[in-house]
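Read the numbers this way: they start at 1 and go in the same order the structure lists the ligands and their atoms.
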Amino acid sequence: MKNIVCLILATVLLFSLCIAPALAEDQIVINLFYEHPSTDALQRIIDAFEAKYPQYKVNWIEAPASQDVSHDMLVTSLAAGESIYDVFSCNVIWPAEFSQAGYCLAVDRFLDDSELDLDNFSDGYINAYTFQGKMWGLPWYGNVGILYYRTDIIDTPPETWDELIEKAGEAAGKEGTSFGYVLQAAQYEGLVCNALEFISAYGGTIVDGDGNITINNDGVRAGLTEMKKLVDEAKVPENYSSFMENECQVAFGNGDAVFMRTWPGYYANAKNPEKSKISDKFAVAKLPAGSAGSASTLGGWGWMINKNSEHPQAAWDFISFVTGPEGQKINAIVGGQLPTYMPLYDDEEVLAANPHFADMKNAIEAACTRPVSPIYTALSESMQINISALLAGQKSVDEAVLAMEAEMNEKLAEYNK
Ligand code: GLC
């Protein structure tokens, strides 16, 4: 795996050097690491940034589509102390790991002189970027898991997971559909996001406020039992275990699925008749409830500065622009992504482009976070492996829960040594 990551890194570097932008005298290049986009939003933000700050030129180095591979590429480069990337986008679950490992720069010293007012950002996201009393980046767009459903098949969205499983099982096959429900169930981070929604909807917890592993509890068992029932009875695709966001969205957009769980950012593409066959036949709703209510996982992405960047001020100017009101407004209107800069939920142009945002402000504030831990990636890996085995029928709920508890405690003990 390490070799593959190194090879990709070398190729990306070579490629980026070949396409480095032409520079005017005294211009500083900001090297940025971000995946291939599905909309023009980031390019439009970069254009606006370069127009405002002519002293900078942004060089976009494309990250791989898989966020787990991107994560490993970044870690390999940052752990080696390289300065290839000045700024990089980061998943909401990475700040504790990256700051603890010394990969990113604390931004507090820039904030003191900045016009950016952190009070305008969602508290949950500010907390996500705060670790040991400092801010390690800035939140960009928000994400919460939501339910997409076909309005030509389903009159009112189901209120409980039991009801959803029943309706999905009955409705699969209607109006040319093949699947009742599609979810992110490949063995990767998206599976943990989906599982956490079941776990939290049944009152389960994974860690407590002090970082102790609490996963061996009845809420977790009830949530995972319901998730297994869904995979068995809701007519999910046979190859559901290879489904990530893209596979789900392609299936739903093609008119193959009655229900889909994914993020709000897909809404703009689903509404676009050039990209979807169901543009006028779907709506979104909150996820169904379990015995403790409805729960959505908090996702989202932000920006960090490489601790070894040769141009920290330029890097700050970029990340504060992209995550500030101008950058987030473009990302909301052109990219259809949820702002973490809260005044934009009252912005008429943002709401005209995204009428469903009116309900999303509260959803962001109520969403459940994944454990904040420097070893989150290791904890998540244990969940990914054991929940995959449970869904495939290779482990019972009890076996999966006990295995996760033992592995997570072992990883924590190893880290605390
Ligand atoms: C989205 C979320 C991110 C999450 C991922 C899982 O990108 O924003 O937080 O980890 O999906 O697939």
Would you say Tyr148 and Tyr266 make side-chain contact, with heavy atoms under 4.5 Å?
yes

Could you tell me which atoms of ligand 1, counted from 1 in the order shown, lie closer than 4.0 angstrom to a heavy atom of Gly299?
2 (C), 8 (O), 9 (O)

Evaluate the side-chain proximity of Ile206 to Ile215: yes if any heavy-atom separation is below 4.5 Å, no if none is.
yes

Which of these, Trp94, Trp263, Trp301, Tyr141, has its nearest heavy atom closest to atom 7 (O) of ligand 1?
Trp301

Can you list the atoms of ligand 1 that are under 4.0 Å from a heavy atom of Asn143?
1 (C), 2 (C), 8 (O)

4.5 Å side-chain heavy-atom contact, Asn91 and Trp301:
yes

Nearest neighbour of atom 12 (O) of ligand 1 from the list Arg370, Glu189, Glu245, Gln184, on a heavy-atom basis:
Glu245

Measure the acute angle between the ring planes of Phe49 and Tyr53, then classify it against the limits of 30° and 60° as parallel, tilted or perpendicular.
tilted

For Gly190, take its heavy atoms, then give the atoms of ligand 1 lying under 4.0 Å from any of them.
6 (C), 12 (O)

Do the non-hydrogen side-chain atoms of Tyr85 and Ser77 ever get within less than 4.5 Å of each other?
yes

Any N or O of Gly300 that comes nearer than 3.5 Å to an N or O of ligand 1?
yes

Less than 3.5 Å apart, which donor and acceptor atoms pair up between the side chains of residues 379-386 and the rest of the protein, not counting sequence neighbours?
residue: Ser380; atom: OG; partner: Glu189; partner atom: OE1; Å: 2.6
residue: Ser380; atom: OG; partner: Gln384; partner atom: NE2; Å: 2.8
residue: Ser382; atom: OG; partner: Glu407; partner atom: OE1; Å: 2.7
residue: Asn386; atom: OD1; partner: Lys395; partner atom: NZ; Å: 2.6
residue: Asn386; atom: ND2; partner: Ser382; partner atom: O; Å: 2.9
residue: Asn386; atom: ND2; partner: Glu407; partner atom: OE1; Å: 3.3
residue: Asn386; atom: ND2; partner: Glu407; partner atom: OE2; Å: 3.4

Any idea which atoms of ligand 1 are less than 4.0 Å away from a heavy-atom of Asn91?
3 (C), 4 (C), 9 (O), 10 (O)

Using a 4.0 Å heavy-atom cut-off, which part of Gln67 comes near ligand 1: side chain, backbone, both, or neither?
side chain

Between ligand 1 and Tyr188, can you find any atom pair, the residue atom being a heavy atom, that is separated by under 4.0 Å?
yes

Would you say that Glu349 contacts Ile333 through its side chain, given a criterion of any heavy-atom pair below 4.5 Å between the two side chains?
yes

